[in-house]
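For reference, positions follow the sequence shown, starting with 1.
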Amino acid sequence: MTAAIEISGITKRYGNVTALDGVSFRIEPGELFGLIGPDGAGKSSLYRILATLALPDSGSAKVCGLDVAADYRVLRTRIGYMPEKFSFYQDLTVTENLHFFASLFGVSVRENFPLIAPIFGQLEKFPDRKAGALSGGMKQKLALSCALIHRPEILLLDEPTTGVDAVSRSEFWEMLSQLTRSGITILVSTSYMDEATRCGRIAMINEGHILAVDSPAALAGSLGENLYNAVAPDMFGLLTQLRMMPDVIDCYTFGATLHLVAAPGFSPGETVAALTHSGLRDVRIYPAQGDIEDLFIKQIRDGK
């Protein structure tokens, strides 16, 4: 089967900065695939190449079986691209934006409206509102509607949930799941590690390198570390003390707790006793379940 997206050894430099360094992975048709990494990891550089807006310095990429460099004119009609910054026109109304983007691809809003209806439904209340006056969540829905109005085979979404409230983020991922069920292949990037579990498979990227590619469950299961939660009223003092202990490999903040990576033979009871002796009160250390964020930190710590 031909891959929906096939990336082979892509390298991209900006002067002395290497944004992408030999990036390779493959996305199958119909996948909801996540590109997970922090700001500056190289996600947007890769998206610009896949969207035919930039050329790689070396390597190749095919989307829908078409080369992103040689076949860019044809390819642009078969992909939908939603960049990190909203790409619609702020001074046009909701309706005007939708009709404008449809006209760029030679289609009508009417013929493809069933595809965007679940997304566009909330926007129908504000047809004459200027796009610039919409809330973050509504802008997100409008940008996605505009990217879909020509019914693309592949949807490229570059950090679409950045700066959007938690409820809108959840709604957005529900919409993406519905779109994959309609047959659209989606590549979505995010710096929110918790969003990784919404994808069928993910590629973890940092400093232009792919660290790992697999399903979120398989990656989390490959962590292979003695991981514990640690809490106390004085969290900063706890973090400082734990980092100085010889049987603690790593310790970092994780939500309202600390995550502690322990060496073999680590004893939570003895560690709590030692911390209490040092003056810390009400310390608790108990086993933790690792996730993608823990694996990402491990990969960076190990230099992978």
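Under the 4.5 Å side-chain criterion, counting only non-hydrogen atoms from C-beta, Leu66 is in contact with Val74. Using a 4.5 Å heavy-atom threshold, the side chains of Phe254 and Asp291 count as touching. Using a 4.5 Å heavy-atom cutoff, the side chains of Leu35 and Val188 are not in contact. The closest side-chain heavy-atom distance from Thr11 to Leu20 is not below 4.5 Å. Counting heavy atoms from C-beta on, the side chains of Tyr81 and Leu155 never come closer than 4.5 Å. For the pair Cys251 and Val261, the minimum side-chain heavy-atom distance is 4.5 Å or more. In this structure, Thr257 and Tyr286 have side chains that are in contact, with non-hydrogen atoms separated by less than 4.5 Å. The shortest distance between side-chain heavy atoms of Cys199 and Phe33 does not fall below 4.5 Å.
Inspection of the Asp128 and Thr93 side chains reveals no N or O donor paired with an N or O acceptor under 3.5 Å. Between Thr190 and Glu159, the side chains place no donor N or O within less than 3.5 Å of an acceptor N or O (distance only, hydrogens not considered). In this structure, a donor-acceptor pair under 3.5 Å is absent between the side chains of Asp67 and Tyr72. Remark: the His259 side chain and the Asp294 side chain contain an N/O donor-acceptor pair separated by less than 3.5 Å.
No donor-acceptor distance shorter than 3.5 angstrom exists from the side chain of Arg301 to the backbone of Asp250, with no hydrogens or angles considered. Between the Glu111 side chain and the Ser108 main chain, a donor and an acceptor come within less than 3.5 Å of each other. No side-chain donor-acceptor contact under 3.5 Å links Tyr47 to the backbone of Gly42. Not a single donor-acceptor pair under 3.5 Å links the side chain of Arg13 to the backbone N or O of Asp57.
Other residues, nucleotides and ligands contribute at most 12 non-hydrogen atoms within 6.0 Å of the CD atom of Glu270. No more than 12 heavy atoms of other residues, nucleotides or ligands sit less than 6.0 Å from atom CZ of Phe236.
Scanning both residues, Ser189 and Lys43, for their nearest heavy atoms gives CB-CD, 3.8 Å. Contact record, Glu28 with Ala3: OE1-CA, 4.4 Å, taken as the closest heavy-atom pair. Between Met235 and Ala256 the shortest heavy-atom distance is CE-O, 3.6 Å.
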Check your understanding: Going through the distances and angles, do Asp158 and Met82 end up as a side chain to side chain contact (heavy atoms under 4.5 Å, CB included)?
Key -> CA-CA 6 Å; Asp158 189 7; Met82 182 174 163; over 6 Å; no
Review point. Can Phe100 and Tyr89 be said to form a ring pair (Phe, Tyr, Trp, His ring centres under 6.0 Å), step by step?
Key: CA-CA 9 Å; Phe100 173 75; Tyr89 289 90; 5.3 Å; yes
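Residue Leu260 holds its CG atom at 9.5 Å from CG of Asn226, rounded to the nearest 0.5 Å. If you take NZ on Lys139 and CG on Leu123, they are separated by 12.5 Å, rounding to the nearest 0.5 Å. Atom CG in Leu157 sits 5.0 Å away from atom CZ in Phe172 (nearest 0.5 Å). How far OG1 of Thr77 is from CZ of Arg151: 14.5 Å, rounded to the nearest 0.5 Å. With rounding to the nearest 0.5 Å, the separation of OG1 in Thr185 from CD1 in Ile79 is 12.5 Å. Interatomic distance, Arg48 CZ to Leu55 CG, rounded to the nearest 0.5 Å: 10.5 Å.
Val109 is linked by a side-chain contact (heavy atoms from CB on, under 4.5 Å) to Leu98, His99, Ala102, Phe113, Ile149, counting only residues two or more places apart in sequence or in another chain.
Within the cation-pi definition used here (under 6.0 Å to the ring centroid, within 45° of the axis), Lys298 does not qualify as a partner of Phe296.
Classification of Arg78 and Glu153 as a salt-bridged pair holds, one side-chain N sitting under 4.0 Å from a carboxylate O. For Glu171 and Arg169, the salt-bridge test fails: no basic side-chain N is under 4.0 Å from an acidic carboxylate O.
Counting only residues at least two apart or in different chains, side-chain hydrogen bond (donor to acceptor under 3.5 Å, both in side chains) contacts with residues 196-205 comprise Glu31-Arg201, Ser170-Arg198, Glu174-Arg198.
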